Amino acid sequence: MSKKSKLTSKLFIIVSIVFVLFVTGVVLLANREKIRPKTDIVFYGIPDNQAAIISAEIQKLTDRKGKPVNYRFTSLDTSKSLQSQLRKKYDAVITYIGKSSEDAAAFTGSKAEKVAADIKLAKGMTLATSAVLQKTPEGKVSAMPLLTDVYEALINIPQKGSSTSDFTDWTALENFVMESKAEFLSPILFASSDPKTLTDITGILLLTIEGKENYYKKALALRETISNTPQEDLEKSLSYFAGENLTEEIKKYVSWTKKDLIPRKFLSYDKESVLYLMEKASPSIVFLTLSDHRTVKQNVIEQYKSIPEYTGESHSYFPAEQGVSSLNLISPTICFVPLSTSKNAQDALDHLMMPSVQESLARRTGLAPVLAACSTPDIQSSDAQYWVAASEAPVAPLSSYSFSSSHEMEIFSNVIKEQVESLVK
């Protein structure tokens, strides 16, 4: 080969290499967002609208160069346990305080102390809310509360003609409903066909009839029954558990059914039906969460008041039997569980715990902030914040405390339905 040919060949190779590098650079530049390391934050059990609001708030964060941090958000399947879906690539989980938050914290294993948040972040939190902090052996926070929801009993204002002036126990509430009962299929209304709602109303009955100590004792026994039972035997095990441990709560449902205070077709109403009937049929009492309260039309919700508003008794959220504290409050609490040492994940938590951000989240979600000094958007959020602060400590709903998946709750709610209906016949 001549010198000229060799030179031409070398020049071609150099040009080819330069061209390949140029094309590679263009491709990398065009796809820099796709290949830039992502911080993975997953949601489990959080309603889509609330998850979207929290995600949008986190996405406001920028790096030292002022560029948006590359966060990726995923909502996991609640029909499966969180434990079965956790992966090492996830940097944080946002879920409810209870079984799922404990499982998420346990997933960090030997890294627990390195991963957990500094207790200083909880400064300014109400004493009641700080009581539900999940902590590591060294006192760091493995699950940080972000926002609180509450279960409430709403009283229909136009029916305030009853001689019953308070709701000291469930009998007083039943008397109120009987005395003010209109021609309505279900004077006591809640989304009984929704497994989570039925599970949590059963939990409220357990708490207010048997007290907090028995509530947690039985809720833990329920959790262990579920965890230790193969899926194919779960219905049988839950049926036995309910028959042995929830007799008073099932009796209450049976009594309400026989008095026509709830439908004989026990699992009759979903959440959409409840909203419709609140507007069209004026039930006496409605049980729902603050989250669901927010979905009711303004002109409809104005017809209802919570028990504290209605009676003027600030420290009674649901009726409680004699000897049971009326300061017990079922409060679904959204929390942040760090899973890695990712700075971006830590920055996200730091951001969400800022007072101004807490106020923004409360305003946009309609829930209550966990910081005591934060202002609230309206009377409902303010009430929830006050109730949580005034409670002995917010109690995790049965759905959050005992269950790992919505599938398990479906089996449990069907068991409750069958046992009630068998006793009504």
Side-chain angles (χ1 to χ4, degrees), residues 151 153-155 162 164 167-211 214-215 217-219 221-222 225 234-271 273-274 277 281 283-288 307 318-324 328 330 397-399 402-403 408-425:
Y151 268 92
L154 295 181
I155 313 299
S162 168
T164 303
F167 299 94
T168 52
D169 56 30
W170 285 105
T171 300
L173 180 142
E174 291 169 19
N175 289 339
F176 169 85
V177 174
M178 293 295 291
E179 292 171 18
S180 62
K181 186 168 75 170
E183 291 298 322
F184 178 60
L185 185 61
S186 179
I188 296 176
L189 182 65
F190 58 96
S192 51
S193 72
D194 175 59
K196 184 176 181 180
T197 301
L198 181 59
T199 297
D200 287 343
I201 298 301
T202 303
I204 287 170
L205 291 175
L206 172 59
L207 178 66
T208 56
I209 292 172
E210 302 188 41
N214 278 331
Y215 175 86
K217 180 180 178 181
K218 291 186 177 183
L222 177 58
T225 295
L234 190 55
E235 183 177 358
K236 183 178 179 181
S237 291
L238 288 177
S239 181
Y240 179 80
F241 178 91
E244 291 293 310
N245 295 280
L246 299 175
T247 54
E248 294 303 314
E249 294 69 36
I250 289 170
K251 283 180 183 177
K252 185 63 68 179
Y253 285 137
V254 171
S255 172
W256 288 351
T257 306
K258 288 184 175 180
K259 293 176 181 177
D260 292 323
L261 301 184
I262 59 175
R264 291 193 172 257
K265 286 293 183 182
F266 187 57
L267 298 183
S268 296
Y269 300 136
D270 58 17
K271 290 187 177 183
S273 300
V274 168
L277 291 170
S284 296
I285 307 282
V286 184
F287 302 147
L288 76 176
I307 287 180
F318 274 86
E321 296 304 305
Q322 187 173 6
V324 175
N328 293 326
I330 295 285
L398 202 59
S399 62
S402 301
F403 293 84
E408 294 167 356
M409 273 183 270
E410 287 177 14
I411 297 173
F412 177 76
S413 63
N414 284 333
V415 163
I416 297 296
K417 168 194 173 182
E418 289 168 2
Q419 294 201 13
V420 171
E421 292 186 342
S422 68
L423 292 171
V424 169
K425 291 178 179 178

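Only this structure's heavy atoms are used, side chains among them; waters, hydrogens and symmetry mates stay out. Being a predicted model, the structure only gives us computed values, none of them experimental.
- With hydrogens and angles ignored, the 3.5 Å screen pairs a side-chain donor or acceptor of E321 with a backbone N or O of W170.
- By the 4.5 Å heavy-atom criterion applied to side chains, I204 and Y215 are not counted as neighbours.
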(request) Please assess N245 against Y240 for the test side chain to side chain contact (heavy atoms under 4.5 Å, CB included), listing each intermediate value before the final yes or no. (result) CA-CA 8 Å; N245 295 280; Y240 179 80; over 6 Å; no

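- Rounding to the nearest 0.5 angstrom, the gap separating the CD1 atom in I307 from the CD1 atom in I155 is 4.5 Å.
- We find the CE-CG distance between M178 and D260 to be 8.0 Å, quoted to the nearest 0.5 Å.
- Put simply, CG on L238 and OG on S413 are 10.0 Å apart, with the number rounded to the nearest 0.5 Å.
- Here the closest non-hydrogen pair linking Q419 and S239 is NE2-O, 2.9 Å.
- P263 places a side-chain heavy atom less than 4.5 Å from the side chain of Y269.
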(message) E235 vs N414, test: side chain to side chain contact (heavy atoms under 4.5 Å, CB included). Steps then yes/no.
(response) CA-CA 9 Å; E235 183 177 358; N414 284 333; 5.8 Å; no

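- One finds the CG atom of L189 at 6.0 Å from the CG atom of L277 (value rounded to the nearest 0.5 Å).
- Applying the salt bridge (charged side-chain N to carboxylate O under 4.0 Å, His left out) criterion to K251, with sequence neighbours excluded, gives E248.
- Closest heavy-atom contact between T225 and S237: CG2-CB, 4.0 Å.
- Checking L205, L206, L207 one by one against I209, the side chain to side chain contact (heavy atoms under 4.5 Å, CB included) holds for a single residue, L205.
- For the residue pair T202 / Y253, a side-chain donor-acceptor distance below 3.5 Å is found, with atom types taken as modelled.
- Side chain of T199 to main chain of L398: no donor-acceptor pair is present (N/O by atom type, distance under 3.5 Å, no hydrogens or angles).
- The ring of F287 has its center no closer than 6.0 angstrom to the ring center of Y151.
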(request) Check the pair F318, I330 against side chain to side chain contact (heavy atoms under 4.5 Å, CB included), reporting the backbone distance first and the verdict last. (result) CA-CA 10 Å; F318 274 86; I330 295 285; over 6 Å; no

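- Within the 3.5 Å criterion, the main-chain N or O of S399 finds no donor-acceptor partner in the side chain of S402.
- Using a 4.5 Å heavy-atom threshold, the side chains of D169 and V324 count as separate.
- Here the closest heavy-atom approach between residue K271 and residue T197 is recorded as CE-OG1, 3.8 Å.
- Of the inter-residue distances, the one linking I201 atom CD1 with K252 atom NZ reads 14.0 Å to the nearest 0.5 angstrom.
- Residue I250 holds its CD1 atom at 14.5 Å from NZ of K417, rounded to the nearest 0.5 Å.
- By the 4.5 Å heavy-atom criterion applied to side chains, L154 and L288 are counted as neighbours.
- Under the salt bridge (charged side-chain N to carboxylate O under 4.0 Å, His left out) criterion, the residue pairs touching residues 196-211 are E210-K218, with sequence neighbours excluded.
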(request) Could you walk me through whether D270 and D194 pass side chain to side chain contact (heavy atoms under 4.5 Å, CB included), step by step? (result) CA-CA 6 Å; D270 58 17; D194 175 59; 5.8 Å; no

